[in-house]
Structures are given as structure tokens and as C-alpha cells.
Amino acid sequence: MEQTVEQKLKALYELQTLHTKIDKIRQIRGELPMEVADLEDEVAGLETRIQKFKGELDDTEDAIVTRKNMIKEAQNLIKKYETQLKDVKNNREYDALTKEVEIQSLDIQVSEKKIREFGFDITKKTEVYDKALADLESRKNDLDIKKGELETITAETEKDEQGLAKKAEKAETLIEERLLVAYNRLRKNANNGLAVVTIERDSCSGCFNQIPPQRQLDVRQRKKVIVCEHCGRILVDEALTLELANA
């Protein structure tokens, strides 16, 4: 049996009432889910950054060890060449060995300079690394707090929300597809999620624009689905809402 326009309007308003209650529950959670997601992203970003700094510090420390080993090798070669200098037989051998000593001495100076540079680099990176660790600890604490708040609110409201969602699903089955599609589109486009609204003080309670008297009369007669000329929301008369409230 096909529904009358009045039955369709009542079904739409009942669905809107359920969705409004769900919206209010979600408003209680407010920005918490987004804040938790943002903090999780920030923590992940800091962890990645810290791993990068750790890798760079390890590489720099390895480079220092390599340079220290190069210095030791150069020092050993200098000792070897200085020992050989004692037994040179001609100027050419002397000049060649002296040149080798100079080369190794220069290599030592270069390595020592690099070690100082690496040390300075480690100091700077360690400061940044330690700050990132502190920031990570702080962000993790913030995340734990926000997660706790969200879990508490969710636990308090989840049962109610699930119950309302089931009722809304059932209510949707009582509405013809064409109207349901229009209703969902209106809800999606409305900032306050209201697709079905009443006339209050001669105005649309969705956009607050005035409704002409003849249009108000059409709404009260419930002979056809009337929408607000300004915002497109479906209009119902207050008497209908009272009938549903007292049913």
C-alpha cells in the first residue's frame, strides 16, 4: 500500500530526529578523533625523524673511527719511513722518504680536521636529536591523554549511538528511494545536517528565511512535499512534530 504524503513527511521527520540525536552525540566527541589522528601522525613523523638523526649520528661516528684508524696507519708509516731514513744511501732515497713523511703528516692533519668537523656536526645533531626525543615524549603523553578522553566519551556514548543508528536504518526502509536520496543529499550539503525542518515564527528553521503565508498553508495541509524556496530543505508543520512526539 502506497504511503500518503503525510506518512512520508512523518517518516522523513522521524529519520531526521534520529540523525539529529546521532549528530549531537558525535558533537560531544567534537574534534577529539581528529586531534588523536593528528597526534598519531605527528608521533609517527617524529619517530621517522629520530631514526634518520640516529642513522646520521651513527654514520658520523663511524666516519670518526675510520679517520682515527687512518691517523694510526699514517703514524705507523711515518715511524717506518723515519726508521728507513737512518739507513738511506743517497739523496734520492732521502728525498723520497721525506716526501712520504710529509704526505702522511698532511693526511694526519686532514683527518684531524675532519674529526673536529665531525665532532661539531655530532654536537649539533645531538642537540636536535635530544629535542626530537623530548618532543616525541611530550607528543606521546598528549596522545595518551587524548586517546583516554576519546575512549571515555566513546564508551559513554557508543551504546546510545549504535541504538540510534539501528533505528535510523529501520526508519530508512520506510522511505521511498527517491525521497531518501533527496534527504541524504540535503543532509550532506547542510552545515547543521538538517534536511527536514519546521516553520517557526513564519520562517524556515533551517535558513531562517520567511515562508510566504500560502506556502505555509500548503505545508500544513500535507498534500505534497514542500521545500523551502531559499535552502531547499523539506518543510513540515509544527503540529506534525507534536503529533509524533505524543504518539
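Just so you know, these numbers come straight off a predicted model, no measurement behind them.
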All heavy atoms of Ile50 vs all of Leu136, minimum pair found to be CD1-CD2, 3.5 Å
Might you point out which heavy atoms bring Phe118 and Ala63 nearest each other, and give the distance in Å?
CE1-CB, 3.6 Å
Check: Glu6 and Lys10 side chains under 4.5 Å, non-hydrogen atoms
yes
Student check: side-chain heavy atoms of Glu100 and Leu77 closer than 4.5 Å
no
Just grab all the side-chain hydrogen bond (donor to acceptor under 3.5 Å, both in side chains) pairs involving residues 75-92, residues at least two apart or on different chains.
none
Pair Asp135 + Lys131, salt bridge at N-O below 4.0 Å
yes
Got Glu149 and Thr152 here, is their nearest side-chain heavy-atom distance under 4.5 Å?
no
Indicate yes or no: does Arg222 engage Glu243 in a salt bridge with an N to O separation below 4.0 Å.
yes
Pairwise distance CG(Asp95) to CD(Glu102) - rounded to 0.5 angstrom:
9.5 Å
What distance do Asp142 atom CG and Asp38 atom CG have between them, rounded to the nearest 0.5 Å?
12.5 Å
In terms of hydrophobic clusters joined by side-chain contacts under 4.5 Å, are Leu133 and Val128 together?
yes
I'd like to know if Lys167 and Glu14 make a salt bridge, using a cut-off of under 4.0 Å between side-chain N and carboxylate O.
no
Between the side chains of Lys125 and Asp121, is the shortest nitrogen-to-carboxylate-oxygen separation below 4.0 Å, so that they form an ion pair?
yes
Side-chain heavy-atom pair Cys231, Asn209 within 4.5 angstrom cut-off
no
Under a single-linkage definition using a 4.5 Å side-chain heavy-atom cutoff for Ile, Leu, Val, Met, Phe, Trp and Tyr, are Leu97 and Tyr94 assigned to the same hydrophobic cluster?
yes
Any chance you could measure Asn192, atom CG, to Cys207, atom SG, to the nearest 0.5 Å?
10.0 Å
Let's go through Glu172 and Ile175 carefully: what are the C-alpha distance in whole Å and the side-chain angles of both, what is the deciding distance for side chain to side chain contact (heavy atoms under 4.5 Å, CB included) to 0.1 Å, and is it a yes or a no?
CA-CA 5 Å; Glu172 285 177 359; Ile175 300 169; 5.6 Å; no
Just by distance, with hydrogens left out, do Gln27 and Asp23 show a side-chain donor and acceptor under 3.5 Å apart?
no
Within the 3.5 Å criterion, strictly below it, is a donor on Thr198 or Glu200 matched to an acceptor on the partner's side chain?
yes
Using the rule that Ile, Leu, Val, Met, Phe, Trp and Tyr join whenever any side-chain heavy atoms are under 4.5 Å apart, tell me whether Leu244 and Leu18 fall into a single cluster.
no
Gln3 side chain to Leu174 backbone, donor-acceptor under 3.5 Å:
yes
Got a sec, which hydrophobics cluster with Leu194, joining ILVMFWY side chains under 4.5 Å apart, including via others?
Val197, Ile199, Ile211, Val219, Ile226, Leu235
Separation between CG (Leu12) and CG (Leu179), nearest 0.5 Å, reads 5.5 Å
Which heavy-atom pair separates Ala190 from Arg233 by the least distance, and what is that distance?
CB-NH2, 3.4 Å
Step through the shown structure and confirm whether more than 12 heavy atoms of other residues, nucleotides or ligands are within 6.0 Å of CD on Glu47.
yes
Yes or no on side chain to side chain contact (heavy atoms under 4.5 Å, CB included) for Arg67 and Val110, after CA distance, side-chain angles and deciding distance?
CA-CA 9 Å; Arg67 284 291 175 175; Val110 169; 4.0 Å; yes
Side-chain donor or acceptor of Thr66 paired with backbone N/O of Asp62 under 3.5 Å:
yes
Can you confirm whether Tyr183 sits close enough to Gln16 that some side-chain heavy atom of one is under 4.5 Å from a side-chain heavy atom of the other?
yes
Quick one: OG1 on Thr241 to CG on Leu9, what's the gap to the nearest 0.5 Å?
12.0 Å
Assess the residue pair Gln216 and Arg220 against the criterion (side chain to side chain contact (heavy atoms under 4.5 Å, CB included)); give the C-alpha distance rounded to whole Å, side-chain angles, the decisive distance to 0.1 Å, and a yes or no.
CA-CA 6 Å; Gln216 291 185 48; Arg220 285 195 292 272; 3.8 Å; yes
Could you tell me the separation between the NZ atom of Lys68 and the CD1 atom of Ile71, rounded to the nearest 0.5 Å?
8.5 Å
Within the 4.5 Å heavy-atom criterion, are Ile122 and Ile64 side-chain neighbours or not?
yes
Testing Glu158, Glu161, Glu31 for salt bridge (Lys or Arg N to Asp or Glu O under 4.0 Å) with Arg26, which one passes?
Glu161
Any side-chain heavy-atom pair of Lys52 and Thr48 under 4.5 Å
no
Take atom CZ of Arg49 as the centre, draw a 6.0 Å sphere, and report whether it contains more than 12 heavy atoms from other residues, nucleotides or ligands.
no
Which residues pass the side-chain contact (heavy atoms from CB on, under 4.5 Å) test with Glu137, not counting sequence neighbours?
Asn141
Is Leu46 reachable from Leu39 through a run of hydrophobic residues whose side-chain heavy atoms are each under 4.5 Å from the next?
yes
Are side-chain heavy atoms of Thr17 and Lys21 found at a separation under 4.5 Å?
yes
Let me see the working for Leu150 and Lys146 under side chain to side chain contact (heavy atoms under 4.5 Å, CB included), right down to the final yes or no.
CA-CA 6 Å; Leu150 181 58; Lys146 291 293 180 185; over 6 Å; no
With the threshold set at 4.0 Å, does a side-chain nitrogen-carboxylate oxygen contact exist between Lys140 and Asp144?
no
Is it true that Leu186 and Val181 fall in one hydrophobic cluster, defined by side-chain heavy atoms closer than 4.5 Å?
no
